[in-house]
Number of protein chains: 2
Amino acid sequence: MDWSIQEIAKLAGTTSRTLRHYDDIGLLAPARIGSNGYRYYDAEALVRLQRIMLLRELGLGLPAVADVLEREERAPHALRSHLEWLVREQQRLARQIVSVERTIDALEGGERLMAEQMFDGFDHTEYKEEVEQRWGADAYAKSDAWWRSMGADEKRAWQQRLASLNADWIAAHERGIDPAGDEAQALAQRQFEWLRGIPGTPGGGAAGPSREYFLGLAEMYVADERFGANYGGVDGARFVRDAMTAYAEREL
Amino acid sequence: MDWSIQEIAKLAGTTSRTLRHYDDIGLLAPARIGSNGYRYYDAEALVRLQRIMLLRELGLGLPAVADVLEREERAPHALRSHLEWLVREQQRLARQIVSVERTIDALEGGERLMAEQMFDGFDHTEYKEEVEQRWGADAYAKSDAWWRSMGADEKRAWQQRLASLNADWIAAHERGIDPAGDEAQALAQRQFEWLRGIPGTPGGGAAGPSREYFLGLAEMYVADERFGANYGGVDGARFVRDAMTAYAEREL
DNA sequence: CTTGACCTTGACGTAACGTCAACCTCTAAC
DNA sequence: GTTAGAGGTTGACGTTACGTCAAGGTCAAG
């Protein structure tokens, strides 16, 4: 009337190791244990095991399974919580799937792992006049010399860092968050840190860009469509400006 | 020109612990290490880190990330494999979601965790004549006595075991698998083991039911609609019969 | 000189078993 | 009686990607 550990494992479609584990954690004890230490299971244990397997196939964890078996009336509640879990997981996977597909498409379109052919925030030949006009020939010269001194890899590094930041700005804007909120302010902080790495920024160096320079840039993003394009259009640029302005008011 | 571990962690939106981990596994080494042992990261490391974070957000594991970073041309292949992964996972979750919903509905409909109001494979009063006719009065008496000797819990145990097995038969049939294939044969094996536990089965006891009894039952499942109902109709019963027949040919 | 804030390495915990390793037990055959 | 083989037992490590202490150095500021 009872079975050895392997027999019951086969009956229920599992392994003896699993049964030992369930015994260890107190989820399913054998009906009796022989004087030789062998575990033997009876029909009652089999039913319990089959219920365990059923719940496990639904994706419940062992603590949840134990909970349900202990008091069966909790089953609906436990299952509903679990269902929410599953739905959230599925949505997360759906988002990842979309992202991966987009990334594959981008790679096949010849792009690299992070867009680097995007707007070059340091194309000083293009912005020479504006920079000299606003912050002086000296600032331009220092910044330009620093930029020219970098190797291709380093340049790409900076571009990619900017690319990532810009992508995050766009995503933040798309989600419609508050420019003065924590998330947007964290982005403004990153923007600040990024600028901090560039010699020649007024008030720059370790201290970071000056309040005026920072605010000036923010306005430039809105005023100049060449910048605005990096943030998904003028609306995006306004969002960035608002966040940067709030940041400057608060921190600089 | 470089950052401490916390600074770069914030820049990339992660934690210092993660960076130490990446250093440990050789995924991302700091640009330099101070004489005090402090880790310092430069722009190049930042770009690499941001790429790592990008790939991680797509759901890739660290070995896959390392693989992609090592040789970027492998990225499309790695991403495509990963995509398959994701899709399979999503499908698995979809199935679990359906199962959980069905289970909740069943529970709310007043059913217990495993259907036990289903066909009672041991309702010998109902099958008395057939059993005696086919296998003799003695077989019936022994089987009946054994059944009557069990407590309600034990009876339920057997019923539930049968219920689970039947559910698996139905599921297997719905998936359209081969009755002679491994999966269906495993079910036939379970059917055999289940019968083995019933005293009074011809050729029964530890040895299990005889070939003739087993084949006879298989045919009865098809011939008698009261049985067939347990397998989702006569089609399901035919599937079970075919699997059991193949099993008998092979094993008995 | 004393706080704090920040850094280091080391080690345990996580979920649910899979997979040895070392050793004991039972059955059937020689 | 012995021996081989199948099956049982208890450890204990491995798996994934870090989170979370713990114990103890380092650094800037008051």
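Residue numbers start from 1 in every chain, and the chains themselves are labelled A, B, ... in the order their sequence lines are given, proteins ahead of strands.
- Proximity of B:N36 to the phosphate of D:dG25: no side-chain N or O atom is located under 4.0 Å from OP1 or OP2.
- By the side-chain hydrogen bond (donor to acceptor under 3.5 Å, both in side chains) test, B:R80 is found to be paired with A:E108, residues two or more places apart in sequence or in another chain being considered.
- Between the NE2 atom of A:H82 and the P atom of C:dA15 there is a distance of 15 Å, rounded to whole Å.
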Counting only pairs under 3.5 Å, give me each side-chain donor-acceptor contact of residues 7-16 of chain B, with atom names and distances, residues two or more places apart or in other chains.
residue: B:E7; atom: OE1; partner: B:S4; partner atom: N; Å: 3.0
residue: B:T15; atom: OG1; partner: B:T18; partner atom: N; Å: 3.2
residue: B:T15; atom: OG1; partner: B:T18; partner atom: OG1; Å: 2.9
residue: B:S16; atom: OG; partner: B:R20; partner atom: NH2; Å: 3.3

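- Residue A:S16 is classed as having no contact, given no heavy-atom separation below 4.0 Å to the nucleic acid.
- The nearest whole Å value for the distance from the CE atom in A:M53 to the P atom in C:dA16 is 13 Å.
- Taking atom CD1 of residue A:I25 and atom C1' of nucleotide C:dT14, one finds them 14 Å apart after rounding to whole Å.
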For this session: Would you give a per-nucleotide map of nucleotides 10-23 of chain D, 5' to 3', where B means the base has a protein non-hydrogen atom under 4.0 Å away, S means only the sugar-phosphate does, and - means neither?
Result: B-B----BBBB---
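- Residue B:I5 is classed as a sugar-phosphate contact, given heavy-atom separations below 4.0 Å to backbone atoms only.
- The backbone N or O of B:Y247 sits less than 3.5 Å from a side-chain atom of B:Q185, completing a donor-acceptor pair.
- Atom OH in A:Y41 sits roughly 16 Å away from atom P in D:dG7 (whole-Å rounding).
- B:Q191 places no side-chain N or O within donor-acceptor distance of the main-chain N or O of B:M244, the cut-off being under 3.5 Å.
- Counting to the nearest Å, the C1' atom of D:dT9 and the CD atom of A:Q6 are 13 Å from each other.
- Within 3.5 Å, no donor on the side chain of A:Y40 pairs with an acceptor on the base of D:dG8, nor the reverse.
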